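Numbering of residues begins at 1 and proceeds along the displayed sequence. Just follow the structure's listing: the first ligand is 1, and inside any ligand the first atom is 1. Being a predicted model, the structure only gives us computed values, none of them experimental.
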Amino acid sequence: MARFLALSGLLSLALSDSTTFDPLIYVDPLIGASNGGNVFPGASLPYGMAKAVADTNSGSNQGGFTLDGANVTGFSVMHDSGTGGSPSLGNFPLFPYTSCPGGDVNQCVFPKKSRAQFGAFGNDSVSAKPGAFGISLNSGIRADMTTTQHTALFKFTFPANGADGQLAQPLILQDLSDLADSRQDNATISVDGESGRITGNARFLPSFGSGNFVLYFCTDFAGADVLDNGIFANSRASTAVKDLKISRSINGYPLPGGAFVRFKSADDPILVRVATSFISVAQACSHAEVEIPDFDYDAVVAAATDAWRKKLSPIIVATEGVNQSLVTNFYSGIYRTMINPQNYTGENPLWSSSEPYFDSFYCLWDSFRSQIPFLTILDPSAVAQMIRSLIDTYVHQGWLPDCHMSLCKGYTQGGSNADNVLADAFVKGIKEGIDWDTGYEAVVKDAEVEPYDWSNEGRGGLDSWKALGYVPVQDFDYKGFGTMTRSISRTLEYSYNDFCISQMAERLGHTADVEKYTTSSGNWQNLYKADEPSAFWNGTDTGFVGFFEPRFLNKTWAYQNPLNCSNLDNFSVCSLQNTGRETFESSIWEYGFFVPHDQATLMTLYGGPSAFVRRLDYLHDQNITYIGNEPAFLTVFQYHYAGRPALSAKRAHFYIPAFFAPTPDGLPGNDDSGAMGSFLAFAMMGLFPNPGQDVYLVTPPFFESVNVTHPLTGKTASIRNVNFDPSYQNIYIQSATLDGADYRKNWVDHSFFTEGKELVLTLGRNESSWGTRVQDLPPSLGKYAGFNGTYSARAMRARAATKYSGDFSGGTLGSYKIGL
Ligand SMILES: *[C@@H]1O[C@H](CO)[C@@H](O)[C@H](O)[C@H]1NC(C)=O
Ligand SMILES: *[C@@H]1O[C@H](CO)[C@@H](O)[C@H](O)[C@H]1NC(C)=O
Ligand SMILES: *[C@@H]1O[C@H](CO)[C@@H](O)[C@H](O)[C@H]1NC(C)=O
Ligand SMILES: *[C@@H]1O[C@H](CO)[C@@H](O)[C@H](O)[C@H]1NC(C)=O
Ligand SMILES: *[C@@H]1O[C@H](CO)[C@@H](O)[C@H](O)[C@H]1NC(C)=O
Ligand SMILES: *[C@@H]1O[C@H](CO)[C@@H](O)[C@H](O)[C@H]1NC(C)=O
Ligand SMILES: *[C@@H]1O[C@H](CO)[C@@H](O)[C@H](O)[C@H]1NC(C)=O
Ligand SMILES: *[C@@H]1O[C@H](CO)[C@@H](O)[C@H](O)[C@H]1NC(C)=O
Ligand SMILES: *[C@@H]1O[C@H](CO)[C@@H](O)[C@H](O)[C@H]1NC(C)=O
Ligand SMILES: *[C@@H]1O[C@H](CO)[C@@H](O)[C@H](O)[C@H]1NC(C)=O
Ligand SMILES: *[C@@H]1O[C@H](CO)[C@@H](O)[C@H](O)[C@H]1NC(C)=O
Ligand SMILES: *[C@@H]1O[C@H](CO)[C@@H](O)[C@H](O)[C@H]1NC(C)=O
């Protein structure tokens, strides 16, 4: 026994030794909780369905909680993170009172709008950590919360006396609302007279999509004896009535309605366990009972903390000498990549299937660029499950989603961007149970078949796209329907989607399709107007000529000012409104770089590498682009394609930390389900993906070293800066070695991570010739021209021609390799 004890002591010593680095101390979930970051800063497991936080009445409460002076209106258990659109979820909030004036439940304030006056709080009282969130209301009530997969556990600690000095007899209400007040007719709620268990359901609307969904819940209490309970409708309550069915009502808001439980004392904290389910009340109650059987708050926090530590620990950076706010930026960014999508496996009432079901793909237009690619490195098994879920959605609903939340189809923003997500995972060798043949069928359907409702999935304008090679402005489209705008950005995005399909075709051996989709991936050129100038609003010429422009069905040119919908344009309508422009949430200037697969040809059109660099500099230096929206991400690193990797490094430091402070108001825009977070993580790690391709563009990490242990192969990839300088004067790569051998390419592929390679970068104060030769450049479909030296066939097709040969139907990672 003694020996055993000594051994286990040793073991824990060894364990604690290897885990001395705790990434969680660098995670601040409150980053992005104000100033439009719309981040969910509450308690959640990685990809958890239960997400508990205090909800405020801020006009920017998409993520539930905000630190902007708004008051708390309730504590709810379902959220999305960082989204635009309407506030998402926030269903069935709780609200606590220490007592009701005069002991009369009718003197407590029930409706959400009016109870907000009791929801003021001090910013300093807020504590947020991975897996736990707490806040003290000015009423003296402390609320702490944590979660398991489907269940939230709240701990309310009450003052000894109510506001009117009378003894505490806490009342906790739960209502049938959501953040957006989208409840539909005939919600129901019941309270069990004995136990106080509250159950119910309601139908709600998704926040950026079509249709509706029903959510069920089950709430239990512990910690104090029940005094009485009942229901409320509008502002009146009764302890005699235990069941309520309530209509939406017509007058401006869903009528307030819910239930409450009152307790005999507040000597101990009152624990409230709330589980939800999209299936049934019984399933919600079962989640609650299985996941949190004994209301052990500290144990649930500990389990949630461990789950997060496990997810974040495979990536370790050297923190020495570096401004700690950068480390916080880095790990908090990574943390935010694992809030959405949410794992609703077992919670999908729409079809029955044994495949995983993930939701809150919100939206793939945002997350294909770096969020999901980031997870492909750190959590490939989760990505495999997400992709299986996307493919299963295709199988059962006919289309891959482009955006999805709360069981509903979300709105498409441009192309069919699930194609990019699938291709990215495919070319990086993600397999684990994915049926890639069906995945391929799904992306081909996006390219070939126009959905009746292409606002919700797939692509519109396919007849014109196929006949003309572009999406015309004022298209004639009688087959399917959607917002008839964005003809330029849709053309560019469809082109890239087709390229992504061509890569899958290549590796799956669909030879004819390779030719077909490679050809259509060049359609972007059909909207290039070589003589188009661009001037500022005051008439001053930018000096640049040659921009994408809209074209009519008859092939004549239409016109959009290349600066409209840029960061310099305060007036244009540029999102999904039916008065929107021909570019989505971005300008022709910026979309002018969105040819991720053929930078070589684009560069030639722009007048060669130097002209390309001048144009890219202008885009950034003149504030035409803005880093707060996703199309800007890749433009930071596109200098690599012009043989100027040093300028990508410089540009990364231009934006970080200036535009990304690790503070509540520190994000430049909506986090978009971790999109901003993943931009930070990749940029600071020194490897930025060209998403959809097996390419990471190399820049020096912001830390002396970064180690990433692959969760499946167990191998550790390492990037080390020699002459690292935390004041970031030395940010230019002079030379590099990969696994000890001289390495001059300015990019690496995904085997860097799976095989645990070592990249050593020697830095200096000035730009060097490293990574500048044509043979050093990342792959591009067309030929690079205008570079010194001879052209070496670095064409993507040659590379892609190495076909996959192996078993795609399951098994483990490893046998799939791309010839480089
Ligand atoms: C704190 O509270 C004030 C006033 O309620 C608010 O305006 C401010 O933006 C809050 N947030 C932070 C991070 O200070
Ligand atoms: C917040 O609560 C305070 C204190 O009751 C009240 O004065 C204020 O109007 C409330 N603000 C909002 C936005 O509800
Ligand atoms: C709601 O309930 C009312 C009254 O029972 C019933 O007439 C109505 O059809 C129900 N509406 C829906 C949408 O179920
Ligand atoms: C990364 O791994 C290398 C090799 O094991 C080690 O020398 C280095 O200290 C590690 N860096 C960090 C930041 O842990
Ligand atoms: C660390 O970075 C923060 C945010 O950019 C800055 O305010 C602070 O001054 C820096 N600290 C040091 C010691 O440079
Ligand atoms: C998602 O949930 C299912 C069912 O609980 C579980 O088996 C799976 O491991 C989860 N996936 C991830 C990535 O957490
Ligand atoms: C016009 O605006 C641009 C961009 O703001 C500026 O650089 C230029 O100096 C302005 N020209 C004149 C004549 O004001
Ligand atoms: C082409 O179509 C546009 C839009 O309908 C029209 O304004 C223009 O006159 C047409 N041009 C020719 C040459 O037919
Ligand atoms: C283009 O932007 C300018 C400057 O914001 C604005 O005045 C103009 O109305 C915009 N044009 C269109 C067609 O949106
Ligand atoms: C847009 O707004 C900014 C800041 O408010 C202002 O400086 C700029 O002149 C405005 N641009 C136009 C075209 O009005
Ligand atoms: C771009 O915006 C920044 C503030 O974000 C400002 O400091 C800079 O002067 C602007 N540059 C130009 C050319 O307007
Ligand atoms: C090519 O070489 C010339 C002369 O050495 C140099 O001036 C020019 O910048 C080089 N161009 C590129 C794209 O490297």
How about [X] and [Y]: are their ring centres within less than 6.0 Å of each other?
X	Y	result
Phe688	Phe679	yes
Phe548	Tyr591	no
Phe118	Tyr97	yes

Inset, instruction - Verify whether one side chain among Asp55 and Thr73 offers a donor that lies under 3.5 Å from an acceptor in the other. - result: no
Legend entry - Between Asn38 and Ser60, a side-chain donor and acceptor under 3.5 Å: yes
Inset, instruction - Could you pull out all residues at least two apart from Glu450 that satisfy salt bridge (charged side-chain N to carboxylate O under 4.0 Å, His left out)? - result: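 With neighbours one apart ignored, the set is empty.
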Inset, instruction - Taking salt bridge (charged side-chain N to carboxylate O under 4.0 Å, His left out) as the test, write out the residues that go with Asp124, two or more places apart. - result: none
Legend entry - Residue contacts for ligand 1, heavy atom to ligand atom, distance under 4.0 Å: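 The 4.0 Å shell around ligand 1 contains Leu67, Asp68, Gly69, Asn123, Pro664.
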Inset, instruction - Examine Gln474 against ligand 8 and note whether any of their N/O atoms are separated by less than 3.5 Å. - result: no
At less than 4.0 angstrom from any non-hydrogen atom of [X], what atoms of ligand 4 do you find?
X	result
Ser705	11 (N), 12 (C), 13 (C)
Ile316	13 (C), 14 (O)
Ala318	13 (C)

Legend entry - Location of contacts on Val706 toward ligand 4, heavy atoms closer than 4.0 Å: neither
Inset, instruction - For ligand 4, find out whether one of its N or O atoms is nearer than 3.5 Å to an N or O atom of Ser718. - result: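 By distance alone, the answer is no.
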Legend entry - Identified side chain to side chain contact (heavy atoms under 4.5 Å, CB included) partner of Asn523 from the options Tyr470, Trp465, Tyr494: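 That would be Trp465.
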Inset, instruction - Only counting residues at least two apart or in another chain, list the ones meeting ring-ring contact (aromatic ring centres under 6.0 Å, His included) with Phe547. - result: Trp589
